[in-house]
Amino acid sequence: MRISVFLCTLGLVGLLAGPGPAELPKPEKFDDTGFETIFDGKTLKGWNISAKTGHSGASKNKSGGKWVVEDRAIVGSQDIPGNGGIILTDKVYGDFEVVLEMNNDFGPDSGLFLRSNDKGQCYQAMIDYHANGNLMGVYGEGIGGKPNVKNFDFLQKVTDIKLNDDAPFKCPVSAEDWPKFWKHGEWNELRARIEGNPPHVTTWIKGVKFMDYTDTEKRLGDTGSIALQVHGGGDSTKQFVRYRAIKVKELKK
């Protein structure tokens, strides 16, 4: 009798406690063969800075922000208050997958540009790492803001997000689990793949798929550079974006 009462008590405690914590999504396994390192960790060889975007207006398009190499990372900031720009690869790519590690300050608006020209027109894998921003949604930069698909927004703190329930691809991490998944102040891996035209764009954070989107029309050419952005406006002269371990794999059609 005592054993039965004890077991019943355990069952009641379990019901009151509710289900255990949900497990974080497991990262995918990727085929890492065929990737080429496109940043040597020492110089900006193979990259060039463009002041032709709308983010370089504060300098009257004379400079494209400040881009340097520090601690084996590309570090970007505004060079004067309000003046940003992009740094882009000399080489252009068609269908490709790019992977990098990011450790940005929470505040500057940045982005990973896919098939970009020197005016910054591209499909952007969002790195809007600030309040009301997003990571790894897809945005039509310089082409009218279409597409614009994202499945969460940052709130005022990097640890707090709000899910967008009407997103075409649901956020794989709950708002409650986000602080356990994303580690601010550490190097976190971001990955994006673009194929075809109209393009199919897929993005991942730390190996977990965050967006899978196919555009409805052809908006840009079939090829372009890979670029990183420092947004114009405000004052981000003392806040920094940091990228390292940048690799790309061209995809065979």
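Nearest approach of Phe152 to Cys171, heavy atoms of both residues: CD2-SG, 4.2 Å. A pairwise comparison of heavy atoms in Ala51 and Lys62 identifies CB-C, 4.0 Å as the closest pair. Heavy-atom minimum distance, Pro25 versus Pro172: CG-O, 3.7 Å. Considering all non-hydrogen atoms of both residues, Gly234 and Gln78 come closest at O-OE1, 3.7 Å. Between Tyr213 and Thr216 the shortest heavy-atom distance is OH-N, 4.4 Å. Ala125 and Ala192 get closest at one heavy-atom pair: CB-CB, 4.2 Å.
With values rounded to the nearest 0.5 angstrom, Leu251 atom CG is found 10.5 Å from Ile194 atom CD1. Rounded to the nearest 0.5 Å, atoms CG (Asn164) and CG (Asn151) are 7.0 Å apart. In this structure, OG on Ser225 lies 8.5 Å from CG on Asp118, to the nearest 0.5 angstrom. Interatomic distance, NZ of Lys238 versus OG of Ser77, reported as 11.5 Å (0.5 Å rounding). Distance check, rounded to the nearest 0.5 Å: CD1 of Ile143 to OH of Tyr123 gives 5.0 Å. Here OG of Ser236 is found 9.5 Å from NE2 of His130. Values are rounded to the nearest 0.5 Å.
Residue pairs meeting the salt bridge (Lys or Arg N to Asp or Glu O under 4.0 Å) criterion with at least one partner in residues 67-76, sequence neighbours excluded, do not occur; the list is empty. Listed by first and then second residue, the salt bridge (Lys or Arg N to Asp or Glu O under 4.0 Å) pairs involving residues 151-163 are Lys150-Asp153 (not counting sequence neighbours).
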(message) Before you tell me yes or no, could you show the steps for Leu112 and Met102 under side-chain contact (heavy atoms from CB on, under 4.5 Å), namely the whole-Å CA-CA distance, both residues' side-chain angles and the distance that decides it to 0.1 Å?
(response) CA-CA 10 Å; Leu112 171 59; Met102 179 274 257; over 6 Å; no
(request) Report the C-alpha distance between Val248 and Thr37 in whole Å, list the side-chain angles of each, state the deciding distance to 0.1 Å, and finish with yes or no for side-chain contact (heavy atoms from CB on, under 4.5 Å). (result) CA-CA 7 Å; Val248 64; Thr37 297; over 6 Å; no
(request) Report the C-alpha distance between Phe169 and Phe210 in whole Å, list the side-chain angles of each, state the deciding distance to 0.1 Å, and finish with yes or no for ring pair (Phe, Tyr, Trp, His ring centres under 6.0 Å). (result) CA-CA 7 Å; Phe169 189 87; Phe210 262 72; 8.4 Å; no
(request) Show your reasoning for whether side-chain contact (heavy atoms from CB on, under 4.5 Å) applies to Glu186 and His184. (result) CA-CA 5 Å; Glu186 299 181 7; His184 175 69; over 6 Å; no
(message) Before you tell me yes or no, could you show the steps for Glu250 and Tyr93 under side-chain contact (heavy atoms from CB on, under 4.5 Å), namely the whole-Å CA-CA distance, both residues' side-chain angles and the distance that decides it to 0.1 Å?
(response) CA-CA 7 Å; Glu250 298 185 76; Tyr93 301 88; 3.7 Å; yes
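The salt bridge (charged side-chain N to carboxylate O under 4.0 Å, His left out) check on Glu101 picks up Arg244, with sequence neighbours excluded. Contacts of Asp40 classified as side chain to side chain donor-acceptor pair (under 3.5 Å), with partners at least two apart in sequence or in another chain: Thr43. Taking Lys209 as the reference, Asp212 meet the salt bridge (charged side-chain N to carboxylate O under 4.0 Å, His left out) condition, with sequence neighbours excluded. Applying the salt bridge (charged side-chain N to carboxylate O under 4.0 Å, His left out) test to Glu195 and every residue at least two apart in sequence or in another chain returns nothing. In this structure Lys206 satisfies the salt bridge (charged side-chain N to carboxylate O under 4.0 Å, His left out) test with no other residue, sequence neighbours excluded. Trp178 meets the side chain to side chain donor-acceptor pair (under 3.5 Å) test with no other residue; sequence neighbours excluded.
Glu36 places none of its side-chain heavy atoms less than 4.5 Å from the side chain of Lys247. Between Val75 and Val69 the shortest side-chain heavy-atom distance does not fall below 4.5 Å. The closest side-chain heavy-atom distance from Asn188 to Phe181 is not below 4.5 Å. In this structure the side chain of Ile74 reaches within 4.5 angstrom of the side chain of Trp67, judged on heavy atoms. Within the 4.5 Å cutoff, the side chain of Met136 has heavy atoms near those of the Ile127 side chain. Looking at heavy atoms from C-beta onward, Val98 lies in side-chain contact with Leu114 at the 4.5 angstrom threshold. Inter-residue side-chain proximity for Ile161 and Leu155 is flagged as unmet; no heavy-atom pair is nearer than 4.5 Å. Between Leu190 and Trp204, every side-chain heavy-atom pair lies at or beyond the 4.5 Å cut-off.
For the residue pair Ser56 / Asn61, no side-chain donor-acceptor distance below 3.5 Å is found, with atom types taken as modelled. With no hydrogens or angles considered, no side-chain donor-acceptor pair links Asp79 and Thr237 at under 3.5 Å. Remark: the Tyr129 side chain and the Asp105 side chain contain no N/O donor-acceptor pair separated by less than 3.5 Å. Between the side chains of Asn134 and Asp128, no donor-acceptor pair is found at a separation under 3.5 Å. Glu141 and His55 form a side-chain donor-acceptor contact under 3.5 Å, judged by distance and modelled atom types alone.
Other residues sharing a hydrophobic cluster with Met126 under the 4.5 Å side-chain heavy-atom criterion for ILVMFWY residues are Tyr139. The hydrophobic cluster containing Val99 also includes Phe35, under a criterion of side-chain heavy atoms closer than 4.5 Å among ILVMFWY residues, counted directly or through chains of members. Cluster partners of Ile86, by chain and number: Leu88, Phe113. The rule joins Ile, Leu, Val, Met, Phe, Trp and Tyr whenever side-chain heavy atoms lie under 4.5 Å apart. The hydrophobic cluster containing Ile80, built from Ile/Leu/Val/Met/Phe/Trp/Tyr side-chain heavy atoms closer than 4.5 Å, comprises no other residue.
Look at Glu97 and Arg191 and you find a salt bridge, because one of the NZ, NE, NH1 or NH2 atoms lies within 4.0 Å of a carboxylate O, short of that distance. Salt-bridge formation is detected for the pair Asp95/Arg115: a Lys NZ or Arg NE/NH1/NH2 atom is positioned less than 4.0 Å from an Asp or Glu carboxylate oxygen.
Trp187 and Phe106 fall into different hydrophobic clusters, where Ile, Leu, Val, Met, Phe, Trp and Tyr residues are linked whenever their side-chain heavy atoms come under 4.5 Å apart, directly or through other members. A chain of hydrophobic side-chain contacts below 4.5 Å, direct or via other Ile, Leu, Val, Met, Phe, Trp or Tyr residues, connects Ile246 to Leu135. Both Trp182 and Val208 sit in one connected hydrophobic cluster of ILVMFWY residues. Membership requires side-chain heavy atoms under 4.5 Å apart, directly or through other members.
Atom NZ of Lys183 is surrounded by more than 12 heavy atoms from other residues, nucleotides or ligands within 6.0 Å. Around NZ of Lys249, the count of heavy atoms belonging to other residues, nucleotides or ligands within 6.0 Å exceeds 12.
Paired with Val230 under the rule side-chain contact (heavy atoms from CB on, under 4.5 Å), one option of Ile87, Val241, Asp109 passes, and it is Val241.
Ring centers of Tyr243 and Phe39: at least 6.0 Å apart, outside the cut-off.
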